[in-house]
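Working notes for the structure below.
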Amino acid sequence: MKSLAVESVGLVAPGLTGWAASREVLAGWRPYRPEPLPALSAALLPANERRRVTATIKLALQAAQEAMTQAPVFNPDRAPGARGEAVRTVFASSGGDSEVLDKICTALTQPDRPVSPVHFHQSVHNTPSGYWSIATGCTEPSSSLSAYDGSFGGGLLEAAALAWAEAARVLLVAYDLPLPFPLSGRRAIVAPFAVALLLNPASTRRGLATLRLTPVADQAADRLEDAALETLRAANPAARALPLLCAIARQATGSVVLAESGVRLRVEVEPG
Amino acid sequence: MAIQPLAITACTATNALGRGLSASLAALRRGESGLRPCDFEDAALATWIGRVAGLEDEPLRDEFAAFDCRNNRLARLGLEQDGFAAAVAAARARYGADRIGVFVGTSTSGIGATEQAYRQRDPITGALPASFDYRHTHNVFSVADFTRRWLELAGVAWAISTACSSSAKAFASAWRQMKAGFCDAAVVGGVDSLCLTTLYGFNALGLASPQPCRPWDRERDGLSVGEAAGFALLEWAEPEDGRVRLLGYGESSDAYHMTAAHPEGAGAALAMRQALERADIAPGQVDYINLHGTATPSNDAAEDRAVLRVFGAATPCSSTKGWTGHTLGAAGITEAVFVSLCLEHGLIPGTLNTRQRDPELGVGVVLENRERPLRLALSNSFGFGGTNCSLLLGRGGA
């Protein structure tokens, strides 16, 4: 069976700011304490683009940037297009930028329906992908998908298949923010969460873990023993990645089941 | 070496030309446009649209009632044509329901349901009406979820949402998922329906034409928004099966601007070259290119440069947006199905509504329909965010 190396991880969530700072918590060696997110800046974007970006775009780009800056092939201090190896990307999100969609739907209730052109172009699901490609100068393929609560699992299958098909690294970014009122009343996402995995289809000594993926028919998703982490897992579609992140952090052989909506898979995890 | 080809073993298209393949083929042959002055809901816009007639009167009921919205109604209408559901049922018996993947492209999914709910907010609390079901209508995954349930499939399923390249990229996604062994066959598709978001959004960007869209015309002044559903069943091709095949796909990012295409069409050219390379086909072998051809001044100009760079000026090209309008996330599947019809029936469609080619543009745009045998054809789909996808299709045994 084909495998994938996880070369680096980016993580933005309450009390889990960055992979290095979160690893001991995810491994179960330190308790998890939810804390508010620090301010995010989308620092890689050119200044003229940075002014316009929304909280959703910043969230996705922060996780992407953290994973990429740990990669030996990437230098964030250089200009877009000269930052190093161009890496294919997959962006996975249940609902995209609901702040923008709320503004558009609100404008459509007003006289003359003054939809903002900026909001309209930011309303597409692939907006973070577009901004990321501009920030990195990367012209490689990028996909953006949704599988509702299974969006992380779907993104992982898409990223794996892309990595194998092109024999190249793929950056997977899964992210979702709580929806604004009144949409919040109809879709319970109660914490922000973004995770990025830099995946390499070739085995590598630098990797954090090696993954093997198998779709399964009827198995239920793994839950977490730590009650606070389990609450976070259930609070955001992207946080459905937590059982996998915990397994990677533990540096032990094991397997996890990710099963939501249209995507059910078992992931076998080996250290390094 | 060429990639392993996928056969299109069933397909269907529903759009402003009518329901099913025969309606599309007949309108293509007769040069009859499906565009009409905007009469969608109460939109007060001086533009033309490609509306699918009758959706207003055909709600989803019973176990699918939660999915009821214009986009899923259009998906259902699409799935009911051309014996598509029966072909999928036969495939389900061969492969097993859990071994057939579902990859559906959409740009706005069922946002129309949210638009309506926002007009019915509680005047005191601001809450949305109790009848509004976000998950099964507006959420991006809704149309893929509806499709897999309607077809009784249980394999991997997601919606691909990369603006106007969405349902072209569904083919690439399906090929990779099958190659990885995550599924053995795939239903790919695309569904996007008219909504106020896109009509007023394109209007705000100054891209909605006040006339039926005129791709490559010197007087082109924007696009006509359309709606469509299209689906294809993909299986690994058998030798001499005579089916239309996906021979190659190419994808790229412009890395240039969120809405403006790269002026030289660099990303578009990259996607076309990749599709040719994956198929191991030289540019000169391609008999027809179905252009993205939205009829906005800058998009057509960028695509023109890209096609010129890869193919030169000799390859016959056309845009079929003058028939259907720009069906956004459904454009990729709609035009892949059109290309499939063209390969089967030996048709190069003209470019409807276009009267005088823009002298600044150089590719071999065909204005009138031509009948001639075709073996290989390319379809382009590009979108906001600088996303590009090209599909190379050919007749089996080619």
Side-chain angles (χ1 to χ4, degrees), chain A residues 2 49 80-81 93-96 101 104-109 113-117 119-127 129-131 133-134 136-148 150-151 154 157-158 160-162 164-165 181-183 185-187 213 215 217 261-263 265, chain B residues 98 102 107-108 111 114-115 117-119 121 126-128 132-135 138-141 144-145 148 154-163 169 172-173 175-177 179-180 182-183 196-197 200-205 251-259 266-267 270 383-387:
Chain A
K2 284 191 221 171
E49 300 284 0
S93 165
S94 165
L101 299 171
I104 290 173
C105 289
T106 300
L108 288 170
T109 66
R113 297 175 169 154
V115 173
S116 146
H119 292 155
F120 180 57
H121 83 62
Q122 288 181 337
S123 71
V124 295
H125 201 63
N126 58 314
T127 296
S129 157
Y131 278 108
S133 70
I134 292 168
T136 57
C138 176
T139 59
E140 294 295 337
S142 175
S143 196
S144 298
L145 60 84
S146 167
Y148 201 66
S151 296
L157 290 176
E158 173 82 305
L162 180 61
W164 293 329
F181 183 81
L183 289 167
R186 299 308 167 86
R187 171 60 161 150
L213 315 177
S261 303
V263 181
L265 70 151
Chain B
D98 62 340
V102 172
S107 181
T108 50
I111 196 174
T114 303
E115 294 171 0
Y118 268 61
R119 289 197 244 173
R121 290 175 68 170
L128 298 168
F132 172 62
D133 184 332
Y134 166 82
R135 174 178 185 164
H138 177 169
N139 184 266
V140 178
F141 181 57
D145 199 13
R148 79 191 177 105
V156 295
W158 52 77
I160 294 175
S161 191
T162 55
K169 286 172 78 74
S173 212
W175 187 91
R176 289 190 291 257
Q177 290 299 305
K179 197 70 187 167
F182 295 149
C183 54
L196 298 175
T197 298
Y200 281 87
F202 281 117
N203 187 62
L205 287 171
E251 299 168 284
S252 70
S253 306
D254 276 355
Y256 174 71
H257 192 271
M258 279 305 295
T259 52
L270 199 59
F384 279 5
T387 167

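Just so you know, these numbers use all the heavy atoms, side chains as well, and skip hydrogens, waters and symmetry mates. Residue numbering restarts at 1 for every chain, and letters A, B, ... go by the order of the sequence lines.
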What is the minimum heavy-atom distance between [X] and [Y], and which atoms define it?
X: B:Ala255; Y: A:Ile134; result: C-CG1, 3.9 Å
X: B:Gln177; Y: A:Ala161; result: NE2-CB, 3.4 Å
X: B:Phe141; Y: A:Ala147; result: CD1-CA, 3.5 Å
X: A:Ala160; Y: B:Phe182; result: CB-CE1, 4.4 Å
X: B:Arg121; Y: A:Thr106; result: NH1-OG1, 4.4 Å

Most contacts with chain B, counted as non-hydrogen pairs under 4.5 angstrom, among [options]:
options: A:Glu140, A:Arg187, A:His121; result: A:His121
options: A:Gly95, A:Ser142, A:Ser93, A:Ser123; result: A:Ser142
options: A:Pro141, A:Gly96, A:Gly130; result: A:Pro141
options: A:Gly185, A:Cys105, A:Ala217; result: A:Cys105

Is any side-chain heavy atom of [Y] closer than 4.5 Å to one of [X]?
X: A:Thr139; Y: B:Leu270; value: yes
X: B:Tyr118; Y: A:Pro182; value: yes
X: B:Thr197; Y: A:Val115; value: no
X: B:Ile160; Y: A:Ser143; value: yes

Which region of [X], side chain (C-beta onward) or backbone (N, CA, C, O), has a non-hydrogen atom less than 4.5 Å from a non-hydrogen atom of chain A, or is it both or neither?
X: B:Tyr256; answer: backbone
X: B:Ala159; answer: both
X: B:Ala163; answer: both

Keeping the roles fixed (side chain from [X], backbone from [Y]), state whether a donor-acceptor pair exists under 3.5 Å.
X: A:Thr109; Y: B:Arg119; answer: no
X: A:Arg186; Y: B:Phe132; answer: yes
X: A:Arg113; Y: B:Leu196; answer: no
X: A:Asn126; Y: B:Phe384; answer: yes

Checking [X] against chain B: side chain, backbone, both or neither under 4.5 Å from a heavy atom?
X: A:Ser129; value: neither
X: A:Ser151; value: neither
X: A:Ile104; value: side chain
X: A:Leu213; value: both

Below 4.5 Å, heavy-atom pairs only: which of [options] has the largest tally toward chain A?
options: B:Leu128, B:Thr108, B:Thr114, B:Asp133; value: B:Leu128
options: B:Leu205, B:Thr387, B:Val102; value: B:Leu205
options: B:Ser161, B:Gly385, B:Gly155; value: B:Ser161
options: B:Lys179, B:Arg135, B:His257; value: B:Arg135

Side chain to side chain contact (heavy atoms under 4.5 Å, CB included) between A:Ser146 and B:Asn139, intermediate numbers included | CA-CA 8 Å; A:Ser146 167; B:Asn139 184 266; 3.7 Å; yes
Determine, stepwise, if the pair A:Ser133 / B:Asp254 fulfils side-chain hydrogen bond (donor to acceptor under 3.5 Å, both in side chains).
-> CA-CA 8 Å; A:Ser133 70; B:Asp254 276 355; over 6 Å; no
Taking the six-membered ring for Trp and the single ring otherwise, decide whether the centroids of B:Phe202 and A:Phe120 are under 6.0 Å apart.
-> yes
